[in-house]
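Contents: one structure, followed by commentary.
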Amino acid sequence: MDCVYKDPTAPVEARVKDLLSRMTLLEKIGQMTQIERSVATASVINHRFIGSVLSGGGSKPFENAKSADWAEMIDGFQKAALETRLGIPIIYGVDAVHGNNNVYGTTIFPHNVGLGATRDADLTRKIGEATAIEVRASGAHYAFAPCVAVSRDPRWGRSYESYSEDTEVVRKMTSLVSGLQGQPPEGHPKGYPFLAGRKNVLASAKHFVGDGGTETGINEGNTITSYEDLERIHLAPYLDCLSQGVCTVMASYSSWNGRKLHVDHFLLTEVLKKKLGFMGFIITDWEALDRLYVPHGSNYRQSILSTINAGIDMVMVPFRYELFLDEFLSLVESGEIAMARIDDAVERILRVKFVAGLFEYPLTDLSLLDVVGCKAHRELAREAVRKSLVLLKNGKDPKKPLLPLDKKAKRILVAGTHADNLGYQCGGWTITWEGTTGRITEGTTILDAIKEVVGDGTELTYELNPSPETFSGQDFSFAIVAVGEGPYVETGGDDLELKIPFDGAELVSLVADRVPTLMILVTGRPLVLEPQLLEKIDALAVAWLPGSEGRGVTDVIFGDYAFEGRLPMTWFRSVDQLPIHAGDNSSDPLFPFGFGL
């Protein structure tokens with residue numbers, strides 16, 4: 001075959017070299033460009049040689065589109081790419097951060113903070129496997145996961161995307177990479193991208209690096225620390241991702257000692273590519289080039305110049321692709337960006353595409369559609385929920401525990417904002433970017449699950465917001481009150497006060513004054529728990545953001561399974577103590593890191 005790159009039996013590096021030698025400059029910079037599906041058309045992909053398309057959070061073909069609808073859309077984009085002169089397939093990327101969470105009817109797993117509470121690397125790997133299949137069924141090839149941030153401050157709006165404040169726990173949970181991409185064989189070269197097959201997706205270790213260490217937890221803020229501490233605390237999990245053959249790394253919006261990561265040549269090129277030997281590609285975060293200067297989107301030419309020269313290989317543009325490509329072209333033609341830098345980037349992107357088998361199998365394997373949201377995947381999510389629950393209190397007197405609750409109790413009151421709200425249970429990054437309230441997808445709320453498990457003779461009363469009248473003449477055996485945070489993402493989640501929203505503490509208090517009460521806290525992070533509230537309630541369980549399978553909650557509160565979860569973050573007494581974490585300055589926490597009854 002004179003076309004080495006089309007020969008599936010040829011070595012990947014030979015294919016990369018052959019294809020690169022055939023490409024024009026326009027084809028090369030097109031490969032380095034990732035655009036949003038809302039501006040992607042067959043003609044744009046075809047004429048601009050676009051290398052990748054993505055769905056931003058919540059960006060979908062239409063409302064409640066299912067996996068088959070997604071596959072049809074993505075295959076349409078792919079066919080346009082295959083019609084170009086060289087027929088280089090696109091990679092389609094999605095924010096599959098707790099299951100294929102953009103898509104209706106998929107399995108929604110607990111957010112990372114909950115998985116951190118399980119300490120179970122094997123479970124996390126299996127979740128990666130299930131997520132990969134559901135992502136591939138929808139036509140996408142690339143998940144922007146895992147987030148391997150080490151969250152040092154719960155005030156950060158992305159705390160729940162971090163497995164733990166503890167680097168060792170985060171390192172353990174990088175097993176998600178092997179779940180998503182498949183397990184590389186013995187002796188696979190460290191740093192070289194790997195993908196097992198058509199049931200796997202490209203992973204992206206993010207956000208490189210130090211995103212969880214910013215001052216006061218401000219999202220996209222500044223991490224002030226020595227290189228030694230950056231390496232020890234924040235960089236360490238990337239080594240584990242690289243040894244599993246992670247295909248891509250996403251740069252962080254945040255800064256290190258005042259320098260934005262997206263333009264940090266030392267960290268992106270000297271450290272990640274040269275010292276650590278990363279051979280996949282580095283991608284920017286969403287609109288990262290627009291965020292380098294104030295006002296938003298200004299100095300765009302300079303932003304392209306400094307990010308590409310720092311070592312960025314693919315730019316998540318996502319909308320202004322015409323301006324981006326025109327300015328980019330002129331920067332290369334003027335010699336401000338060297339051809340060698342372009343070739344390095346394109347080599348990395350092509351390497352990943354060959355490793356992924358996209359030239360051989362560019363289109364969706366529709367036989368995978370049957371497993372989306374299947375019973376086995378939902379059971380796996382349910383197992384993750386029950387292993388993630390952390391019990392912080394059980395009984396006003398330890399000799400008289402409230403849990404396990406009696407399924408055959410005569411009268412049970414279920415109350416609170418989070419007892420029957422699937423959207424709240426799933427949190428941000430679910431169906432929409434920010435997440436939302438109500439029956440947003442297929443799943444089981446905590447209330448649904450309670451109804452399934454209690455005995456026939458049990459009278460169940462559900463009140464979203466009980467009043468004193470709720471209790472008149474009622475002799476409740478006990479109450480289950482679920483309260484917590486509403487959904488949020490990124491900067492919208494930054495919170496300096498960390499109080500339980502929706503007057504949750506008052507609601508629990510009102511019930512606990514009258515009936516023995518189990519409080520279930522649905523939250524992405526530790527929140528303020530006042531001493532008088534803790535004294536009033538009989539039991540307290542933290543459910544984190546459990547996702548679509550509420551049965552995992554009832555599995556443990558009614559005693560079918562024991563509580564196993566342990567705190568992945570130190571639980572502070574008051575926000576004045578923050579930042580507080582195990583080892584460094586953990587004097588007098590409310591509950592220490594690793595606690596769990």
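As a basis for the values below, the full set of heavy atoms in this structure was taken, side chains included, without hydrogen atoms, waters or symmetry mates. Values in this document were obtained by computation on a predicted structure and should not be read as measured data. For the single chain, residues carry numbers from 1 onward in sequence order.
At most 12 heavy atoms of other shown residues, nucleotides or ligands fall within 6.0 angstrom of atom OH in Y361. By the 6.0 Å contact criterion, CD on E72 is open, its count of non-hydrogen atoms from other residues, nucleotides or ligands being 12 or less.
No side-chain N or O of T118 forms a donor-acceptor pair with one of E564 less than 3.5 Å apart. Counting only N and O atoms by type, the side chains of S151 and R158 include no donor and acceptor under 3.5 Å apart. Side-chain polar atoms of W156 and N219 form a donor-acceptor pair below 3.5 angstrom. At a cut-off of 3.5 Å, with distance as the only test, no side-chain donor of S243 or D240 sits close to an acceptor on the other residue. Remark: the T523 side chain and the E485 side chain contain an N/O donor-acceptor pair separated by less than 3.5 Å. For the residue pair E434 and T432, no side-chain donor N or O sits within less than 3.5 Å of a side-chain acceptor on the partner. For the residue pair T248/Y142, the side-chain donor-acceptor check at 3.5 Å is satisfied. Side-chain atoms of T225 and H234 form no donor-acceptor pair, as typed in the model, at a separation below 3.5 Å. Of the N and O atoms on the side chains of Y163 and T174, not one donor lies less than 3.5 Å from an acceptor on the other residue. One side chain, D365 or S367, offers a donor N or O that lies under 3.5 Å from an acceptor on the other.
Using a 4.0 Å cut-off between a side-chain N of Lys or Arg and a carboxylate O of Asp or Glu, K375 and E379 qualify as a salt bridge. R152 has no carboxylate O lying under 4.0 Å from a charged side-chain N of E165, or vice versa, which leaves the two without a salt bridge. A salt bridge links D122 to R125: at least one charged side-chain nitrogen sits closer than 4.0 Å to a carboxylate oxygen. Ion pairing between a basic and an acidic side chain is recognised when a charged N comes within 4.0 Å of a carboxylate O; R439 and D420 show such pairing. A salt bridge is absent between R155 and D495; no separation between the charged side-chain nitrogens and carboxylate oxygens falls under 4.0 Å. Electrostatic pairing of D211 and K206 does not count as a salt bridge here, judged by no charged N lying under 4.0 Å from a carboxylate O. Contact check on K126 versus E129 returns no salt bridge, with no Lys/Arg side-chain nitrogen under 4.0 Å from an Asp/Glu carboxylate oxygen.
In terms of heavy atoms, I74 sits closest to S138 at CD1-O, 3.3 Å. Here the closest heavy-atom approach between residue V352 and residue G280 is recorded as CG2-CA, 4.1 Å. The two residues G210 and T223 have their closest heavy-atom pair at O-OG1, 2.6 Å. Minimum heavy-atom separation, F502 to T417: CB-CG2, 3.9 Å. Closest non-hydrogen pair, R291 versus K260, comes out as O-NZ, 3.7 Å. Minimum interatomic distance between K199 and R136 (heavy atoms only, all atoms of both residues): C-CG, 4.1 Å.
The main-chain N or O of A196 is never found under 3.5 Å from a side-chain atom of Q181 such that the two would form a donor-acceptor pair. Between the side chain of H98 and the backbone N or O of F109 there is at least one donor-acceptor pair closer than 3.5 Å. Using a distance-only test at 3.5 Å, with no hydrogens or angles considered, a donor-acceptor pair links the side chain of H262 to the main chain of S252. No donor-acceptor pair under 3.5 Å is formed between the side chain of D95 and the backbone N or O of V97. Between the side chain of W433 and the backbone N or O of S59, no donor-acceptor pair lies under 3.5 Å. For the pair E36 (side chain) and S38 (backbone), a donor-acceptor distance under 3.5 Å is present. Within the 3.5 Å criterion, the main-chain N or O of T107 finds no donor-acceptor partner in the side chain of R378. For N100 (side chain) and A96 (main-chain N/O), no donor-acceptor pair under 3.5 Å exists by modelled atom type. Looking at N200, its side chain does come within 3.5 Å of a backbone N or O of L180 through a donor-acceptor pair. Under a 3.5 Å cut-off, the side chain of T214 and the backbone N or O of I218 do form a donor-acceptor pair.
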Hey, mind stepping through H418 and Y424 against ring-ring contact (aromatic ring centres under 6.0 Å, His included) and telling me if it holds?
CA-CA 6 Å; H418 290 58; Y424 283 3; 4.8 Å; yes
* Quick one: do M316 and I283 satisfy side chain to side chain contact (heavy atoms under 4.5 Å, CB included)? Show the steps, please. => CA-CA 7 Å; M316 195 184 290; I283 188 169; 4.2 Å; yes
With side chain to side chain donor-acceptor pair (under 3.5 Å) as the criterion, how do E220 and S254 come out once you've worked through the C-alpha distance, each side chain's angles and the decisive distance to 0.1 Å? CA-CA 4 Å; E220 304 178 24; S254 58; over 6 Å; no
Test side chain to side chain contact (heavy atoms under 4.5 Å, CB included) on F208 and L235 and set out the steps.
CA-CA 8 Å; F208 188 86; L235 191 68; 3.3 Å; yes
Can you list the steps and then say if F144 with W429 is a side chain to side chain contact (heavy atoms under 4.5 Å, CB included)? CA-CA 12 Å; F144 303 129; W429 296 114; over 6 Å; no
Worksheet item: Which is it for N101 and T430 under the side chain to side chain donor-acceptor pair (under 3.5 Å) test, yes or no, and what are the steps along the way?
Response: CA-CA 5 Å; N101 45 254; T430 317; 5.9 Å; no
Practice task
Please test F77 against T41 for side chain to side chain contact (heavy atoms under 4.5 Å, CB included), starting from the C-alpha separation and ending with a verdict.
Solution key: CA-CA 7 Å; F77 292 140; T41 61; over 6 Å; no
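The cationic atom of R386 (NZ for Lys, CZ for Arg) lies less than 6.0 Å from the six-membered ring centre of Y561 and within 45° of the ring axis. Figure legend: R566 and F595 shown without cation-pi pairing, the cationic atom not lying both under 6.0 angstrom from the six-membered ring centre and within 45 degrees of its axis.
In this structure the side chain of L498 reaches within 4.5 angstrom of the side chain of P154, judged on heavy atoms. Side-chain atoms of L527 and K499, non-hydrogen and from C-beta on, never get closer than 4.5 Å to each other. Taking 4.5 Å as the limit, some side-chain heavy atom of V483 sits within range of a side-chain heavy atom of M519. Between P568 and R119, some side-chain heavy-atom pair lies under the 4.5 Å cut-off. Using a 4.5 Å heavy-atom threshold, the side chains of M569 and S164 count as separate.
For an aromatic pair to be called close, the ring centres must be under 6.0 Å apart, and W70 with F62 fails this. In summary, the aromatic rings of Y160 and Y488 are positioned with their centroids under 6.0 Å apart.
Of the inter-residue distances, the one linking I35 atom CD1 with I50 atom CD1 reads 4.5 Å to the nearest 0.5 angstrom. Rounding to the nearest 0.5 Å places OG of S162 at 11.5 Å from CG of L115. The distance from the CD atom of Q425 to the OG1 atom of T437 is 11.5 Å, given to the nearest 0.5 Å. Going from atom OG1 of T106 over to atom CD of E134 covers 5.5 Å, rounded to the nearest 0.5 Å. A distance of 11.0 Å separates CZ of F324 from CD of Q34, quoted to the nearest 0.5 Å. If you take CG on N421 and CD1 on I446, they are separated by 10.0 Å, rounding to the nearest 0.5 Å.
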